[in-house]
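Dropping the structure in here first, questions after.
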There are 2 protein chains.
Amino acid sequence: MQLYWDKGFERTSMADLVKATGMAKPGLYANLGDKEQIFQKALEHYDETVVCPMLEKLLSPSTPLKEALRQSLSGMMHSLRGSGLPMGCFVINSTFECTGEKDRISEYLAQMNAKRRDAYLERLDHAKADGELSKGADTLALANFFTGQSAAIGAMARSGLPLSELDAMVEVALSALPEDEKVRRTV
Amino acid sequence: MQLYWDKGFERTSMADLVKATGMAKPGLYANLGDKEQIFQKALEHYDETVVCPMLEKLLSPSTPLKEALRQSLSGMMHSLRGSGLPMGCFVINSTFECTGEKDRISEYLAQMNAKRRDAYLERLDHAKADGELSKGADTLALANFFTGQSAAIGAMARSGLPLSELDAMVEVALSALPEDEKVRRTV
């Protein structure tokens, strides 16, 4: 997973995969499939180990909405810097790399993005029902917006923004929340 | 440019470039340089024909701030759909594709993103001076945020969001503006 996350699909060769797995090429094909199948397995692994725990945390009702959203965005961001991990969300990076072609991987990526969006939507709808969010809030628009923020932060991190400026971006994004106690126009 | 914009750097071969330009390979090398140099030329052409006019419009003081920001984001978005043009901003797509390596192209992309950020910053600072924006507004954070929104919208467009939902995302992003006449916390 690390390899694909780091280099992307196109730049990773079967030779790289042989080296990373320590498997010979025939064994690799027999056990894991071709380059595309291994890529999909890497995405599935990322989903289980990174995305799902993040979404579980997001959906936990014990954290106030704004804090839960902040954690979901900052968690992603802090994994970008100084952790030795590759840059940005694997799913978002792949979404940009796997361009145009309507293949299995693109469809899988769209599903993963939809799952994340649906988790944001669920959390936002709960918050609306609980009065944490204005009754007039367009939760679908907000869910799409927050799902997209990992791409926004990822792009700016890649452009060399320091962590403090990325943090400030997250705060701007959070200020778009039409909270119930604020006087504001309906979004 | 169209070719690189559409397929990205890695997926475009010299054979594709030969076909698109109608030049033979030796002529291509002699006139335009290697694959990386042609890619940089494509980015420069995109900068001149797409980015610069967009930034000029953004900086025009005759349009109110919110409308100018809306136009800059929607303009990008509408070029994504139904226009026959490739998906998303060429610079943002390339920022995600050209991963990790600190090469000439990555540096050039970072410069292009910085230029766009600086234009947003200039417009926001003017708006603050003119009282269109709250005196307490963190214009640097807002400029980074709006620069990042093309990545957010691009990612969600690629995930299959319809235009109406992309439009609604833009409205959420605009609601993060701390306008002077609104009662709100200082961002």
Side-chain angles (χ1 to χ4, degrees), chain A residues 6-11 86-89 91-101 106 109-114 116-117 138 140-142 144-156 158-161 165-178 182-185 187, chain B residues 6-11 86-89 91-101 106 109-114 116-117 138 140-142 144-156 158-161 165-178 182-185 187:
Chain A
D6 196 21
K7 295 184 76 173
F9 181 69
E10 289 293 333
R11 285 179 191 230
M87 283 286 248
C89 167
V91 180
I92 294 287
N93 296 353
S94 305
T95 302
F96 277 99
E97 197 197 354
C98 298
T99 166
E101 288 144 61
S106 305
L109 286 166
Q111 274 170 31
M112 285 181 83
N113 282 322
R116 178 144 57 164
R117 195 272 303 271
D138 181 345
L140 178 60
L142 286 165
N144 285 327
F145 171 78
F146 281 108
T147 309
Q149 292 316 297
S150 34
I153 295 164
M156 298 311 282
R158 276 162 183 267
S159 303
L161 237 58
E165 290 188 33
L166 296 173
D167 270 323
M169 270 181 77
V170 170
E171 293 308 313
V172 174
L174 292 171
S175 76
L177 274 180
K182 278 204 276 178
V183 177
R184 27 116 238 111
R185 295 170 325 142
V187 173
Chain B
D6 196 21
K7 295 184 76 171
F9 182 69
E10 290 294 333
R11 284 178 192 231
M87 282 286 248
C89 169
V91 180
I92 294 287
N93 296 353
S94 306
T95 300
F96 278 99
E97 195 196 355
C98 297
T99 164
E101 287 143 64
S106 304
L109 286 167
Q111 276 170 30
M112 285 180 85
N113 282 322
R116 179 147 52 167
R117 196 271 304 270
D138 181 345
L140 178 61
L142 286 165
N144 285 327
F145 171 78
F146 282 107
T147 310
Q149 292 316 299
S150 32
I153 295 164
M156 299 309 284
R158 276 162 183 267
S159 304
L161 235 59
E165 291 188 31
L166 295 173
D167 270 322
M169 270 182 78
V170 171
E171 293 308 314
V172 173
L174 292 172
S175 76
L177 274 181
K182 275 204 278 179
V183 178
R184 29 113 238 115
R185 296 170 326 141
V187 173

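Fair warning: this is a prediction, and the values are worked out from it, not measured in the lab. A note on names: the letters A, B, ... follow the listed sequences, proteins ahead of strands, and every chain is numbered from 1.
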Looking at B:Met112, B:Glu165, B:Gln111, which has the largest count of heavy-atom pairs under 4.5 Å with chain A?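 The residue among B:Met112, B:Glu165, B:Gln111 with the greatest pair count is B:Glu165.
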Would you compute the distance between atom CG of A:Asn113 and atom CZ of B:Arg158 and round it to the nearest 0.5 angstrom?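 Between A:Asn113 CG and B:Arg158 CZ, I get 11.0 Å after rounding to 0.5 Å.
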For A:Val172 and B:Ala141, work out which heavy atoms get closest and say how close.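 Nearest pair, atom of A:Val172 first, then B:Ala141: CG2-CB, 3.8 Å.
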CZ on B:Arg117 to CG on A:Leu161, rounded to 0.5 Å: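 Answer rounded to 0.5 Å: 6.0 Å.
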Atom of B:Gln149, atom of A:Ala152 and distance for their closest heavy-atom approach: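 Looking at all heavy atoms of both residues, the closest pair is NE2-CB, 4.1 Å.
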Just verifying a value: how many Å separate A:Leu142 CG and B:Ser175 OG, rounded to the nearest 0.5 Å?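 Rounded to the nearest 0.5 Å, the CG-OG separation comes to 7.5 Å.
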How long is the gap from CZ on B:Phe145 to CD1 on A:Ile153, to the nearest 0.5 Å?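 Interatomic distance, B:Phe145 CZ to A:Ile153 CD1, rounded to 0.5 Å: 9.5 Å.
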